**Q** 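Input: one structure, supplied below.
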Number of protein chains: 2
Amino acid sequence: MSTPAAKITIRDVADRAGVAISTVSHAFSGSRPISRATRERVLRAARELGYDPNPSARSLRTGRSGIVGLVLRPRYAVTGTPDRAETFNRLVGSVATEMLRRKTGLIHVPDIDDPSVARVPMDGCIVAHPYGNDPVLTELTRRGIPVVTVEEDPERPELPWAVRLDYPKVVSALLDHLREQGARRIALFTGTEDNAWNRRTRETYLAWSARRRRSTRVEVLSEGLTPEEAMREVRACLRERRRPDAIVMATSDFAAPAAGVAAELGLHVPDELMIASLTDSEHSRTASPPITAMDLNHELLAERAVELMLARLSGADEPAEALVIEPVLNLRASTRRG
Amino acid sequence: MSTPAAKITIRDVADRAGVAISTVSHAFSGSRPISRATRERVLRAARELGYDPNPSARSLRTGRSGIVGLVLRPRYAVTGTPDRAETFNRLVGSVATEMLRRKTGLIHVPDIDDPSVARVPMDGCIVAHPYGNDPVLTELTRRGIPVVTVEEDPERPELPWAVRLDYPKVVSALLDHLREQGARRIALFTGTEDNAWNRRTRETYLAWSARRRRSTRVEVLSEGLTPEEAMREVRACLRERRRPDAIVMATSDFAAPAAGVAAELGLHVPDELMIASLTDSEHSRTASPPITAMDLNHELLAERAVELMLARLSGADEPAEALVIEPVLNLRASTRRG
DNA sequence: TTGAAAGCGCTAACAA
DNA sequence: TTGTTAGCGCTTTCAA
């Protein structure tokens, strides 16, 4: 509180210690031998003056900042519902926690397309849930910034600096479970966001249905809909004569409302209608009945992505292919008959 | 993908456009009149070359980075349990979301004390849940970095750039509720972290008890304990002859285990023992019975803190006193008799 | 309306 | 072992 916050530079320290500024620099970095006496004089001067190095100057000079960026792509990540917030908070929190552990700064990159936004110095950037041919990936690559993605760009699945989710395995397991519980007509309510999550889960549903020689039904529901709007769609579907006896909702935000629609129509869950969702949240856990959901395992995604990024920044070889981890299937009462 | 990531500087753009570098700078910033023709030539050259300004150079020159830092003080925020993670993820996520909305970069500051860590350029810093006389606050202030705190430093409650929680009101309401439900002997299991949360809630408990002429019992449980260790303490307490008939656990991590202990001892919750906690989490919501909890309202804390910070950075006057918001009391079955 | 040039604070190459 | 100095890329003052 006492010190006037006048900015102390390396030159002030050098003057005070009676040495050259390069000596001060080296005394801090240890990048060349300094006599004990000099080093101590320098460090004391720095301490007395309250010196701390200017990170911008250092970055400008060295070309590195020690900061990694994080971009959350899904449009509805920010403006979304509490459920969506939960999902993305988990990812952000986990990435932050991992980076803290590794002593590297993590910066949330606001909007990389908007030039009015303060650009930010970063050595690398983690992009979460990219879109197909995501322009942010293209832009970052153009800028020469090393990128690691959480989930692959669905149009560029070959990019090796990525950690992916094994949707075919887990979504198939979910569908098998529904079948075992007696579902005959499974409908999928998919989203409009063109990312790996929507694409791969849809593909898996179609492939699984083809394998089982089952007819399919895919309804598209924008992630931007209100629950009421989503309910309207679900209601229309459930009122049909040959209505599905199981529905898989992509976002858990719409799964609990779907259960509400079922109740309203007098359809018992799970006996007359099973409901599952492809993300998990408070909403699905506490609905009545609790809703079966696939959890994207953001904690593990984050951990792996950070590892990958730090490896990349320290010059590791490009991996042969993306790292694959598994989502977690949480079976609950909404799909368990009898 | 095609462009070799050679770094384009303002000089390259100036050369290409056939103007001076200062003209390029002004063409971008608009800080002095430029002829239409020149401006367009410059912008085209920049576009063609794929120029983007170096943020470190800009910060070095202007002294501002457009980045705000975030420091989470509680020791157990990072290494903690899933519950703790939930709590802090909510805060981090909310702050990040708010900053995104305001188009300002947010950086997670790793360890401000550790000099080996890359220092980071920030115009201001939000410090969440500071300790009493928190050295991080002191250090940031010494460095001349404007600080806003989420919760006050309990030893320096007079610092006005803060958003605080009205613990006396809500904790008293909780205790009143317990009393109305028939609790005669309420014990508090407080934490060891010396922050406003522990301090103020403890003070409120003691003051409330004094007002009601009730005897008090405060047990101290480190936030670093495992649930098993915490259970041991709770068990010992509940085995006593004159055991409490209501316990308030500071962290929700230990509240659900406490319910486990009650079950083990054959004590019915809430009829023979009421349980409440001073943070909320998945754990408390889904315990059986669900546990009454005070929610710190991290979303609102974050929103207000960000507003305060941006105000401070744009030169707003120092407020007369800290902003006060209310925690939310979630009453659940663990404290509702009959 | 534009250009030239100083200099932000630091690191590293080169000299002594 | 230490000092001198160029220059990282930008903004801004001063001149033209």
Side-chain angles (χ1 to χ4, degrees), chain A residues 5-43 45-46 49-67 115 118-123 143-145, chain B residues 5-43 45-46 49-67 115 118-123 143-145:
Chain A
K7 259 309 154 202
I8 308 297
T9 77
I10 199 173
R11 169 153 270 119
D12 301 316
V13 178
D15 288 350
R16 172 129 188 172
V19 297
I21 60 168
S22 60
T23 303
V24 176
S25 175
H26 289 121
F28 275 99
S29 65
S31 57
R32 87 180 179 190
I34 301 272
S35 78
R36 253 188 78 89
T38 308
R39 142 169 269 118
E40 263 164 24
R41 205 142 33 86
V42 169
L43 295 182
L49 290 171
Y51 167 71
D52 50 351
N54 179 320
S56 297
R58 178 177 285 173
S59 305
L60 176 57
R61 188 55 236 236
T62 62
R64 274 163 308 99
S65 66
I67 299 175
R119 304 250 163 144
V120 126
M122 48 185 174
D123 296 340
R143 289 205 216 162
I145 295 175
Chain B
K7 258 308 154 205
I8 309 297
T9 77
I10 197 173
R11 169 153 270 118
D12 301 317
V13 178
D15 288 349
R16 173 128 185 173
V19 298
I21 60 170
S22 57
T23 303
V24 176
S25 175
H26 289 120
F28 274 99
S29 65
S31 56
R32 87 179 180 193
I34 301 272
S35 78
R36 251 188 79 89
T38 308
R39 142 171 268 117
E40 262 164 26
R41 206 142 32 87
V42 168
L43 294 183
L49 291 170
Y51 168 70
D52 50 351
N54 179 320
S56 298
R58 178 175 287 172
S59 307
L60 176 58
R61 189 52 235 239
T62 62
R64 274 164 307 99
S65 65
I67 299 176
R119 305 252 163 143
V120 128
M122 48 185 174
D123 296 341
R143 289 205 216 163
I145 297 175

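Numbered from 1 within each chain, the chains take letters A, B, ... in sequence-line order. None of these values were measured; they are calculated from a predicted model. Keep in mind that the numbers below use all heavy atoms, side chains included, and drop hydrogens, waters and symmetry copies.
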**Q** Does R58(A) have a side-chain nitrogen or oxygen under 4.0 Å from the phosphate oxygens OP1 or OP2 of dT11(C)?
**A** yes

**Q** Would you mind reading off the distance between Y51(B) atom OH and dC10(D) atom C1', rounded to a whole angstrom?
**A**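 In whole Å, dC10(D) C1' lies 7 Å from Y51(B) OH.
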
**Q** Give a yes or no on whether the backbone of A45(A) and the side-chain of R16(A) come within a donor-acceptor separation of less than 3.5 Å.
**A**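 No, R16(A) side chain to A45(A) backbone: no donor-acceptor pair under 3.5 Å.
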
**Q** Rounded to whole angstroms, how far apart are CD on E40(B) and C1' on dT1(C)?
**A**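 Roughly 16 Å, once rounded to whole Å.
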
**Q** Rounded to whole angstroms, how far apart are CD1 on I21(B) and P on dG9(D)?
**A** 11 Å

**Q** What is the distance, to the nearest angstrom, from the CZ atom on R61(A) to the P atom on dT11(C)?
**A** 9 Å

**Q** T38(B) near the nucleic acid: base, sugar-phosphate alone, or nothing, with a heavy-atom cut-off under 4.0 Å?
**A** sugar-phosphate

**Q** Testing I10(A), I34(A), T23(A), L43(A) for side-chain contact (heavy atoms from CB on, under 4.5 Å) with F28(A), which one passes?
**A**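 With F28(A) as partner, side-chain contact (heavy atoms from CB on, under 4.5 Å) holds for just one option, L43(A).
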
**Q** Hey, is the side chain of T23(A) poking within less than 4.0 Å of OP1 or OP2 on dG3(D), counting only N and O atoms?
**A**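 Looking at the OP1 and OP2 atoms of dG3(D), one of them is under 4.0 Å from a side-chain N or O of T23(A).
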
**Q** Could you go step by step and tell me if T9(B) and N54(B) meet the side-chain contact (heavy atoms from CB on, under 4.5 Å) rule?
**A** CA-CA 8 Å; T9(B) 77; N54(B) 179 320; over 6 Å; no

**Q** Could you check whether S35(A) and T38(A), counting side-chain N and O atoms only, form a donor-acceptor pair closer than 3.5 Å?
**A** yes

**Q** Can you tell me the distance, in whole Å, between the CG atom of D15(A) and the P atom of dT4(D)?
**A**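 Interatomic distance, CG of D15(A) to P of dT4(D): 11 Å.
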
**Q** Less than 3.5 Å between a donor and an acceptor, one on the side chain of R32(B) and one on the base of dG3(C), is that the case here?
**A** yes

**Q** Using a 4.0 Å heavy-atom cut-off across all strands, classify F28(B) as base, sugar-phosphate, or nothing.
**A** nothing

**Q** Starting at CZ of R11(B) and ending at P of dA6(C), how long is that distance when rounded to a whole Å?
**A** 13 Å

**Q** Between R41(A) and T9(B), which has a closest nucleotide on DNA chain D that is more 5'?
**A**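 The residue mapped nearer the 5' terminus is R41(A).
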
**Q** OP1 or OP2 of dT12(D) sitting under 4.0 Å from any side-chain N/O of S22(B)?
**A**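 Looking at the OP1 and OP2 atoms of dT12(D), neither is under 4.0 Å from any side-chain N or O of S22(B).
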
**Q** Please report, rounded to the nearest Å, how far the P atom of dT11(D) is from the CG atom of L60(B).
**A** 11 Å

**Q** Any side-chain to backbone donor/acceptor pair from S59(A) onto S56(B)? Under 3.5 Å, distance only.
**A**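 No; zero donor-acceptor contacts below 3.5 Å.
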
**Q** How long is the line joining CG of N54(B) and P of dC10(D), in whole Å?
**A** 6 Å

**Q** Within the 4.0 Å heavy-atom criterion, would you say I34(B) contacts the bases, only the backbone, or no part of the nucleic acid?
**A** sugar-phosphate

**Q** Taking the nucleotide of DNA chain C with the closest heavy atom to each, which residue, A57(A) or H26(B), is nearer the 5' end?
**A** H26(B)

**Q** Just N and O in the side chain of S35(A): are any of them under 4.0 Å from OP1 or OP2 of dT2(D)?
**A**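 It does, given that an N or O in the side chain of S35(A) lies less than 4.0 Å from OP1 or OP2 of dT2(D).
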
